[in-house]
Amino acid sequence: MSILRVALDVPLDTLFDYLDAGHQAEVGMRVLVPFGRRQMVGVVLEIVEQSQLDNDALKPVLEVYGGEPTLSSEILRLLNFCADYYHYPLGQIVMSVLPGRLREARLALLEKILGYRLSELARQASLEVLPKRALIQRRLWLALEKQGSLTAENLGETSDNWHTAIKAMQAAGWVECVELKHVIPSAPSAIARPALNEDQAAAVEAVTRQLTGFKAWLLHGITGSGKTEVYMRLLESALAAPEAQVLVLVPEINLTPQLQARFKARFPHEPMVALHSQMSDGERLRNWRQAESGLARIVIGTRLSVFTPIPNLKLVVVDEEHDGSYKQQDGMRYSARDVAVVRAKQAGIPIVLGSATPSLETWHNSQAGRYALLTLGQRAVAQSQLPDIITLDARTPQLKDGLTPALINALHDRLAKGEQSLLFINRRGYSPVLLCSACAWVAPCERCSSRLVVHLRQRRLKCHHCGHEERIHVQCPNCGNPDLHPTGHGTQRLEATLAELFPEARVLRVDRDSTRRKGALEDMMAEVHGRRVDILVGTQMLAKGHDFPNLTLVGIIDTDSALFSPDFRAAERLFAQLMQVAGRAGRAEKPGEVLIQTAFPDHVLFEALKRHDYAAFATTLLQERKTAMFPPYCFQALLRAEAQKFEPVRDFIAEAANIAYGLDGAVMVYDPVRPTMARLNGMERAQLLVQAEHRQALQAFLKQWMGMLRSLPLAAKVRWSLDVDPLEI
DNA sequence: TTGAATGGCGAA
DNA sequence: TCGCCATTCAAA
């Protein structure tokens, strides 16, 4: 009798063996199995003849969910790689990449992919058999005539009331419901494609020439250089092969609808699905299923979608590859960008990583020749200019509520011209600190090593790390002084200041607080586009993806903390962020201006930024990293631990360090430290960094180390995790 | 991780 | 001795 080796969602680094009991399960199928006193859903990863355990110690599977799509061997191979590389239990990985519905103990996919097509009867007849006034029916008829068959989703795009119309047509016998296996290819239609500039054309040509076989490309294009157009041309080429599918990764959910809309306009006939965590379970499953079955040809999604089974994958695009959102920050701490590269390699297909400010890891790979570099140096709209970037010395006594006179003048100027401005400040709330004027007490968070932020309008103090809230104190709890001052500037305070300085201006604040309501961001963007806003105040939310044609001034307030941060990646991130924000200015024909307030106007970062010279800055940073032996010149892993009490955390980390010191000498083990947020959400934290010059050495070390850590008694007393290639240290 | 079994301790 | 808790252990 064959033995099924099953992956289960338990934090144990092992598979569990079950007897097949005549079910004839296959690798990749879901099964229901008894587990302790419970039942669990798992996935068959191996089928063997003999278990390590005695056969009578094995229980039979309860159910095999056959007739469903399974996890393909390609995906299982990728997940195996991840389990190895990130040192995370395979069972948990397998179960976490399945859509929620497939983690439930029931057959999920009895529903077929249904589509509609014109009946034989209808094909003999003509549109004129429909009532004259049934406009929607007529539209659907035409669409079906053109496409052959369409899914409910396709029809939903044709019109909102498609459902009643299709029912009527079905009742009249014009339309029939069929199960879809393949998309019926549509006749190519004339879609307007903008002309490419020289750089774009060269990039498209280079990749198109090598669409078979693995190759990683870095598409380095300044903001506004038309990266998306390059992606679309590449999709076009890749999709020219019959049945071919492509995967496009985007960093954030916010950016999916935008890109989706552009793709839809360009590829109206290509079935496209989006995958991200904000969709309902049903929708997620449906879309996953369409990708898995080969029906969807364009799959666009956030980081988790890198694990979607896509049988005929021919090209992967990772947009904004430098973006930190690609890194999962809990559970298996994978980098979707890195996994995407592995996936492309395993599948033997090209991958394009796009960014205006590539991560240093990627840039280094391109310099070392591992990735081929494609540069877009011109803005796509030829006459549009790169913005002028100017630093303003913030060490002036004439600061008015944190604003320099030069910035205020520039705002005046735009207002007079009827142009829009954007002030960028990376701090939500009214002010970041509540300070006692007498004893210098500041309101702390009880659960974190952080300060509470003043939200004046709601009269509350909030912790931006754990979500804790309390009322604003009437007097200092330390000395009784009633004179407590909100100190420093946040978005809300800036908004208030601007209202005072420019009473006639329409100011709009865009941050996590003001956009909490669903659809709020979209509404606000519409306000901006409709020119019903003069000055935008916002956090980094505004940096990504939005085009503001009438925006000609970007003011950046208070970025200095990142210049001298203990985190060696802070400068890299700041540069990327400033480049991105700067890219918001002057995207159309109007030249833009970026004013940066800083106490360090001559800092090299700003010098490079003024010249829009990413390459030079990257070279400087890489030089520093090389000298210090930091990534990408070494490979790191970070062991984190947390618990309610510090003592077990300290002991666990200390013991882990001791074990590490005793292992392989090719790995450097730092001292245990407490992170900047030593306390977070009521948990005491500590961490330990290890690094090695070679990935292999680090991996070999981690394998041993993890095995030993898992068997430590203390390991059960703390919450701990390993972060391979950590982004924040 | 979950859930059950174990063991220590105060109350009765 | 009961009941409650914290801790420990197994899961195929």
Side-chain angles (χ1 to χ4, degrees), chain A residues 1-65 71 76 79-80 82-83 86-106 277 304 328-334 639-652 655-656 681-685 706-723:
Chain A
M1 169 140 44
S2 48
I3 311 288
L4 307 180
R5 310 213 63 220
V6 177
L8 294 173
D9 187 15
V10 286
L12 299 170
D13 197 14
T14 177
L15 299 179
F16 294 85
D17 296 358
Y18 291 87
L19 301 168
D20 188 11
H23 283 97
Q24 310 220 315
E26 289 165 28
V27 169
M29 278 185 179
R30 297 195 307 130
V31 289
L32 182 67
V33 295
F35 191 76
R37 303 291 164 111
R38 299 171 289 158
Q39 299 184 347
M40 289 184 100
V41 173
V43 174
V44 179
L45 293 198
E46 292 171 36
I47 300 179
V48 295
E49 283 310 309
Q50 190 54 54
S51 168
Q52 303 282 98
L53 281 74
D54 283 344
N55 262 19
D56 49 7
L58 303 185
K59 297 176 185 173
V61 292
L62 299 170
E63 197 129 19
V64 174
Y65 298 113
L71 283 178
L76 291 178
L79 299 180
N80 259 299
C82 289
Y86 293 108
H87 300 270
Y88 200 76
L90 181 58
Q92 285 189 292
I93 299 178
V94 169
M95 294 313 289
S96 64
V97 306
L98 287 180
R101 287 274 171 91
L102 293 183
R103 287 175 235 166
E104 293 165 16
R106 58 191 154 94
S277 56
L304 188 61
Q328 171 96 6
Q329 293 294 10
D330 58 296
M332 175 173 65
R333 295 163 177 262
Y334 65 96
L639 180 71
R640 306 170 200 268
E642 61 174 26
Q644 307 248 329
K645 297 236 162 55
F646 179 52
E647 195 195 354
V649 175
R650 180 197 60 200
D651 294 350
F652 172 76
E655 204 158 336
N681 212 353
M683 300 289 255
E684 301 290 344
R685 313 160 80 207
M706 281 297 103
M708 298 172 80
L709 292 187
R710 278 193 250 267
S711 63
L712 284 182
L714 265 174
K717 296 209 188 312
V718 298
R719 274 193 6 210
W720 61 279
S721 64
L722 184 73
D723 191 345

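Model, not experiment: these values are computed from the prediction. Convention: sequence-line order gives letters A, B, ...; per-chain numbering from 1.
- The distance from atom CE of A/M40 to atom C1' of B/dG3 is 12 Å, rounded to the nearest whole Å.
- The CE atom of A/M95 sits 15 Å away from the C1' atom of B/dT2 (whole-angstrom rounding).
- The separation between A/L712 atom CG and C/dC9 atom P is 14 Å, rounded to whole Å.
- Counting to the nearest Å, the P atom of C/dA12 and the CG atom of A/L62 are 11 Å from each other.
- Contact check for A/V10 versus A/M40: side-chain heavy atoms found under the 4.5 Å cut-off.
- Taking 4.5 Å as the limit, some side-chain heavy atom of A/R333 sits within range of a side-chain heavy atom of A/S721.
- For A/K717, counting side-chain heavy atoms from C-beta on, the closest listed nucleotide (B/dA5, C/dT8, C/dA11) is C/dT8.
- Distance CD (A/Q644) to C1' (C/dA6): 14 Å, rounded to an integer number of Å.
- Heavy-atom neighbours of A/Q52 CD from other residues, nucleotides or ligands within 6.0 Å: at or below the threshold of 12.
- Within 4.0 Å of A/L19, counting heavy atoms only, lies no atom of the nucleic acid at all.
- Annotation: side chain of A/M706 is not in contact with side chain of A/Y88 (no heavy-atom distance under 4.5 Å).
- Residue A/F35 is classed as a base contact, given a heavy-atom separation below 4.0 Å to a base.
- Rounding to whole angstrom units, NZ of residue A/K59 and P of C/dA12 are separated by 4 Å.
- We find that CD of A/E46 is positioned 18 Å from P of C/dA12, with the value rounded to whole Å.
- Ring pair A/F35/A/F16 is perpendicular by interplanar angle, where above 60° counts as perpendicular and below 30° as parallel.
- Nucleic acid contact for A/L58: sugar-phosphate only, since backbone atoms but no base atoms lie under 4.0 Å from a heavy atom of the residue.
- Nucleic acid contact class of A/R38 (heavy atoms, under 4.0 Å, all strands): base.
- Between A/D13 atom CG and C/dA12 atom P the separation is 17 Å, expressed in whole Å.
- Heavy-atom distances to DNA chain B give each of A/P11 and A/R37 a nearest nucleotide, and the one nearer the 5′ end belongs to A/P11.
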